[in-house]
Amino acid sequence: MSEITATQAPVTRKSEISYNRGMGLKSHAQSEGFSADLNAYLKHIINGHGRDDLSGRWLTEITHSARARDYWSKLIKNERAMTTNDIDVLAGTFGMSPFEFVRQARELADGKEVEVPNVAPHPEDYESSEDPGEELPNAAAPKRTPGS
């Protein structure tokens with residue numbers, strides 16, 4: 001039996017590992033299993049909102065640039081595994097807990113029907129008026145300025 005000495009490095013498959021400028025090793029393996037289920041649920045949500053592009057632009061916009069466009073794109077295309085931080089950002093964006101996000105992803109993977117969550121309040125959720133001076137109960141409060 002041979003022992004690994006401090007100068008020997010473990011053998012890895014070069015097709016799955018690359019060096020990420022100053023950040024250490026980074027996996028390029030396509031996500032599988034549970035991670036792929038999470039990515040499929042994300043794609044389900046995107047398609048449910050009438051979006052079919054895989055660029056990640058919409059997610060970058062609605063998450064207020066929590067991640068870069070290409071990062072979201074890799075998740076949508078199932079080229080990267082979703083992290084717990086990603087789940088937290090996405091769950092908050094879609095108005096649910098991270099646990100609910102994971103549960104919905106599992107139900108979709110099991111072939112069950114899952115609803116598409118809303119992103120943010122839609123224009124039809126707000127009362128509107130033709131009169132610009134009319135006070136509405138859910139209208140934004142005027143900005144306070146010094147001396148007012």
Side-chain angles (χ1 to χ4, degrees), residues 9-148:
V11 177
T12 59
R13 290 183 283 181
K14 286 185 178 183
S15 63
E16 293 185 7
I17 305 291
S18 70
Y19 189 73
N20 186 10
R21 290 182 273 157
M23 300 294 285
L25 295 177
K26 176 174 114 175
S27 174
H28 290 288
Q30 190 172 19
S31 63
E32 299 173 347
F34 177 65
S35 181
D37 294 344
L38 292 170
N39 290 344
Y41 178 58
L42 176 59
K43 191 171 184 177
H44 171 77
I45 292 172
I46 291 168
N47 292 337
H49 282 279
R51 310 214 176 243
D52 57 358
D53 85 284
L54 306 177
S55 71
R57 285 185 182 93
W58 184 63
L59 283 174
T60 301
E61 180 183 328
I62 65 172
T63 60
H64 307 288
S65 300
R67 307 279 185 276
R69 178 198 57 77
D70 62 329
Y71 185 91
W72 290 125
S73 178
K74 288 179 182 178
L75 288 178
I76 298 165
K77 295 175 185 175
N78 199 37
E79 295 173 355
R80 160 179 256 136
M82 194 178 290
T83 68
T84 55
N85 289 338
D86 298 333
I87 294 169
D88 188 51
V89 167
L90 291 167
T93 300
F94 296 116
M96 63 177 77
S97 74
F99 303 105
E100 179 70 8
F101 187 91
V102 171
R103 187 182 66 75
Q104 293 277 17
R106 287 299 317 143
E107 288 183 5
L108 182 67
D110 291 341
K112 296 179 182 174
E113 193 75 25
V114 294
E115 291 186 24
V116 176
N118 284 334
V119 176
H122 294 278
E124 63 269 12
D125 295 338
Y126 291 100
E127 294 177 11
S128 60
S129 172
E130 296 295 322
D131 179 10
E134 183 180 355
E135 295 279 332
L136 297 174
N138 59 355
K143 289 184 179 179
R144 296 187 66 178
T145 58
S148 62

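For this chain, numbers begin at 1 and follow the sequence in order. Fair warning: this is a prediction, and the values are worked out from it, not measured in the lab.
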Exercise for review: Over all heavy atoms of both residues, which pair between Met82 and Ser35 is shortest? Give the atoms and the distance, please.
Suggested key: N-OG, 3.5 Å
Revision key, fill the gap. Residues pairing under salt bridge (charged side-chain N to carboxylate O under 4.0 Å, His left out) where one sits in residues 49-63, two or more places apart or in two chains, turn out to be none
Review point. What's the spacing between Leu38 CG and Leu90 CG if we round to 0.5 Å?
Key: 9.5 Å
Practice item. Would you please name every residue forming a side-chain contact (heavy atoms from CB on, under 4.5 Å) with Asp70, sequence neighbours left out? Key: Ala68
**Study point:** Pairing residues for Ile62 by the side-chain contact (heavy atoms from CB on, under 4.5 Å) criterion, not counting sequence neighbours
**Key:** Trp58, Leu59, Thr93, Phe94, Val119
Practice item. Determine yes or no for a side-chain-to-main-chain donor-acceptor pair under 3.5 angstrom, with Asp88 supplying the side chain and Asn85 the backbone. Key: no
Revision key, fill the gap. dist His49:NE2 -> Asn118:CG (nearest 0.5 Å) comes out at 6.0 Å
Exercise for review: Enter the distance from Asp86:CG to Thr83:OG1 here, rounded to the nearest 0.5 Å.
Suggested key: 3.0 Å
Review point. Please, which pairs that meet ring pair (Phe, Tyr, Trp, His ring centres under 6.0 Å) have at least one residue in residues 60-81, sequence neighbours excluded?
Key: none
Review point. Checking His44 side chain against Glu115 main chain: does a donor-acceptor pair fall under 3.5 Å?
Key: no
Hey, can you pull the donor-acceptor pairs under 3.5 Å for the side chains in residues 101-110, sequence neighbours left out?
from   : atom 1 : to     : atom 2 : distance (Å)
Arg103 : NE     : Glu100 : OE1    : 3.2
Arg103 : NH1    : Glu107 : OE1    : 3.3
Arg103 : NH1    : Glu107 : OE2    : 2.3
Arg103 : NH2    : Glu100 : OE1    : 3.1
Arg103 : NH2    : Glu100 : OE2    : 2.6
Gln104 : NE2    : Glu100 : OE2    : 3.1
Arg106 : NH1    : Asp37  : OD2    : 2.4
Arg106 : NH2    : Asp110 : OD1    : 3.3

Practice item. Can you see which heavy atom on Val116 is nearest to which on Gly48, and at what distance? Key: CG2-CA, 3.8 Å
Practice item. For the residue pair Asn39 and Glu79, establish whether any side-chain heavy-atom pair is separated by less than 4.5 Å. Key: no
